[in-house]
Amino acid sequence: MFKLFLLLLNLNSFSLGPFVNGTFYPSDKKELTNFLSTAFANAQKYNKTAGKDVKAVISPHAGYKFSGNIAAISYSAIKDNYDTFIIIAP
């Protein structure tokens, strides 16, 4: 799942730009990558889904410093072999 986040970091050509860069997440790419690496590494010790087939994930949507670690726990429950993701957001 962390690979997906790194892929999204490299899709700048398809976005309108980082309007809130540095507000809800670190503005520096290296700092952001380090935060995500640490969050996903720490998430493994809290993940209670080992060996289970997770069908849905509910994840918080707030600034990374407020909810990033909890989001990493949620996303780490997703296996890498899904073909389709449906994101419902406001």
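Computed from a prediction, not measured in an experiment: that's the story for all the values here. These values consider heavy atoms only, across backbone and side chains, with no hydrogens, waters or symmetry-generated copies.
- Transitive grouping of hydrophobic side chains (ILVMFWY, heavy atoms separated by less than 4.5 Å) brings V54 and Y75 into a common cluster.
- With values rounded to the nearest 0.5 angstrom, N34 atom CG is found 12.0 Å from K29 atom NZ.
- In this structure, I70 CD1 and Y46 OH are separated by 8.5 Å, a value rounded to the nearest 0.5 Å.
- F40 and V57 fall within the same hydrophobic cluster, where Ile, Leu, Val, Met, Phe, Trp and Tyr residues are linked whenever their side-chain heavy atoms come under 4.5 Å apart, directly or through other members.
- For the atom pair OG (S59) and CD1 (I78), the distance works out to 8.0 Å, reported to the nearest 0.5 Å.
- Checked by atom type and distance alone, the side chain of S67 never pairs as donor or acceptor with a backbone atom of Y64 at under 3.5 Å.
- If you take CG on L32 and CG on L36, they are separated by 4.5 Å, rounding to the nearest 0.5 Å.
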